[in-house]
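Every chain is numbered from 1, with letters handed out A, B, ... down the list of sequences.
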Amino acid sequence: MQLIINDTPQQFAQGLTVSELLEALKQPALGVAVAVNAQVVSKSQWSQTRLQDADRITLFKVVAGG
Amino acid sequence: MLNDQDFMRYSRHLMLEDIEEAGQQRLKQAKVLIIGLGGLGSVAAHYLAGAGVGKLLLADGDKVDVTNLHRQPLFDSFSIGYNKAEQAKRRLACINPHIDIEAFEQNLDASNLAVQISHCQLVLDCTDNMASRQAINAACYQAGVPLLVGAAIRFEGQFLALEPAQSHGCYRCLYHPEQSPPMNCANSGVVGPVVGIVGLMQALEAIKYLTGAGNVPFGQLKLFDAKVHQWQSLGLNKDPHCPVCGDQPCN
Ligand SMILES: [Zn+2]
C-alpha cells in the first residue's frame, strides 16, 4: 500500500501499524510524534493503529523547549 | 470600569468592534498566570501587560543569563544574575503601571501550582521542559482552567490551546512523559524570533479568549516550520486511557 509520509509517497506492506511504520522508517525511540490524516495518534495507540492505503502520515518532533 | 487613562492607553483596542469597551473591561478584570519567563514568557508577558490584563502572576525560579538575551526582550545586560520573574515584574511595571503584577521567584511545585491556577482564568505554559509541562496540564485539568501551551527549539515552534471543558485531548494525550526528547534550547539552540512568534501566539490567543474576540483554536496542535515558513494544524482527540483527561482519570 502507499502512504504519504510528510508529503512524500512511499510503498509499505499491507496492514502496517504506526509502531511498525516508525520501525520501518528507522525513527528514534524518543522525541517523535505521529499524526494520521491530520489527527494526532497518542503513543499508547501506536501499536493498535493500523494504517490504510493512501493515509497521510505526519511525523513531527516532540518540542518541549522555550 | 475603565477610567480616562484607560481610554487613552487602550484606544487602539477600543476602536476594534470585536473588543470595544466590554472586551477591555474583561481584560482589566482578568487574572492570568504565566509560568516561565524565558523566550516564550517574556514576550507573552510583555504584550499581555501592554494589553491591560489586570492581574499578571509570573513564576520562574531561573536567573537571567547572558545566553538568554538574544531572545528574551524583557531583560538587558543589567538583569544578568537576577531572578527572571522579579526582573520581568520591574520591566512590565514600567510598560504598564496600571496593572497588578505578582512575581514568584521559584518554580511552582504541584501544591503551589494547584493553588495559583485555581485563582486564574487562564494559564500560559511558557516552560522549557516536559516534566513541568505535564504537571501544568494536569493541574489545569484538575481545576478546569484553560491552558495555552507554547514550545520552540531550533527552527520549530508548537502551539496548543486547551479547554478542559471541551472534548478534545490534553497535553498528556499529545505527548507521554517518556516521549520527551533529550534536547532543550541550551543544548540544541533556537532562533530568537521562532520562540518569540510562539510567545506572541500565546499572547494573541489569550487576548482573544479573555475578550471573546474571534475563535481560539482549542484542541488543535499548530506546528510552525520556520525554515519553510509554514504552519500545519493537527487535530488532537482524547486518548481513552489518558490518566489526566480520559474516561477514568486517576489523579
Ligand atoms: Zn488527556
Verify the neighbour count for atom [atom1] of [X]: are there more than 12 heavy atoms of other residues, nucleotides or ligands below 6.0 Å?
| X | atom1 | result |
| --- | --- | --- |
| Asp53(A) | CG | yes |
| Lys63(B) | NZ | no |
| Tyr47(B) | OH | no |
| Asp109(B) | CG | yes |

Would you give the length of the straight line joining atom [atom1] of [X] to atom [atom2] of [Y], rounded to the nearest 0.5 angstrom?
| X | Y | atom1 | atom2 | result |
| --- | --- | --- | --- | --- |
| His241(B) | Lys43(A) | NE2 | NZ | 15.0 Å |
| Leu223(B) | Lys61(A) | CG | NZ | 11.0 Å |
| Leu30(A) | His176(B) | CG | NE2 | 13.0 Å |
| Gln232(B) | Phe60(A) | CD | CZ | 9.0 Å |
| Gln179(B) | Trp46(A) | CD | CH2 | 4.5 Å |

Test item: Ser42(A) side-chain N/O and Asp239(B) main-chain N/O as donor-acceptor pair under 3.5 Å
no

Looking at residues at least two apart in the chain, or sitting in another chain, which of them share a salt bridge (charged side-chain N to carboxylate O under 4.0 Å, His left out) with Glu23(A)?
none

Turns out that what part of Ala35(A) lies under 4.5 Å from chain B's heavy atoms comes down to side chain

Tell me, for Gln45(A) versus chain B, whether the close heavy atoms (under 4.5 Å) come from the side chain, the backbone, both or neither.
side chain

Smallest separation among heavy atoms of Ala64(A) and Met130(B), with atom names
CB-N, 4.0 Å

If every non-hydrogen atom of Ala38(A) is compared with every non-hydrogen atom of Ser233(B), which pair is closest and at what distance?
CB-O, 4.2 Å

Please flag which part of [X] lies under 4.5 Å from any non-hydrogen atom of chain A: side chain, backbone, both or neither.
| X | value |
| --- | --- |
| Leu236(B) | both |
| Val190(B) | neither |
| Cys173(B) | both |

Can you tell me which of Val41(A), Val40(A), Val63(A) forms the most heavy-atom pairs within a distance under 4.5 Å of chain B?
Val63(A)

pair Thr58(A)-Leu234(B): side-chain heavy atoms closer than 4.5 Å:
yes

Strictly less than 4.5 Å between heavy atoms, which residues of residues 159-167 of chain B line up against chain A? Please order them by number.
none

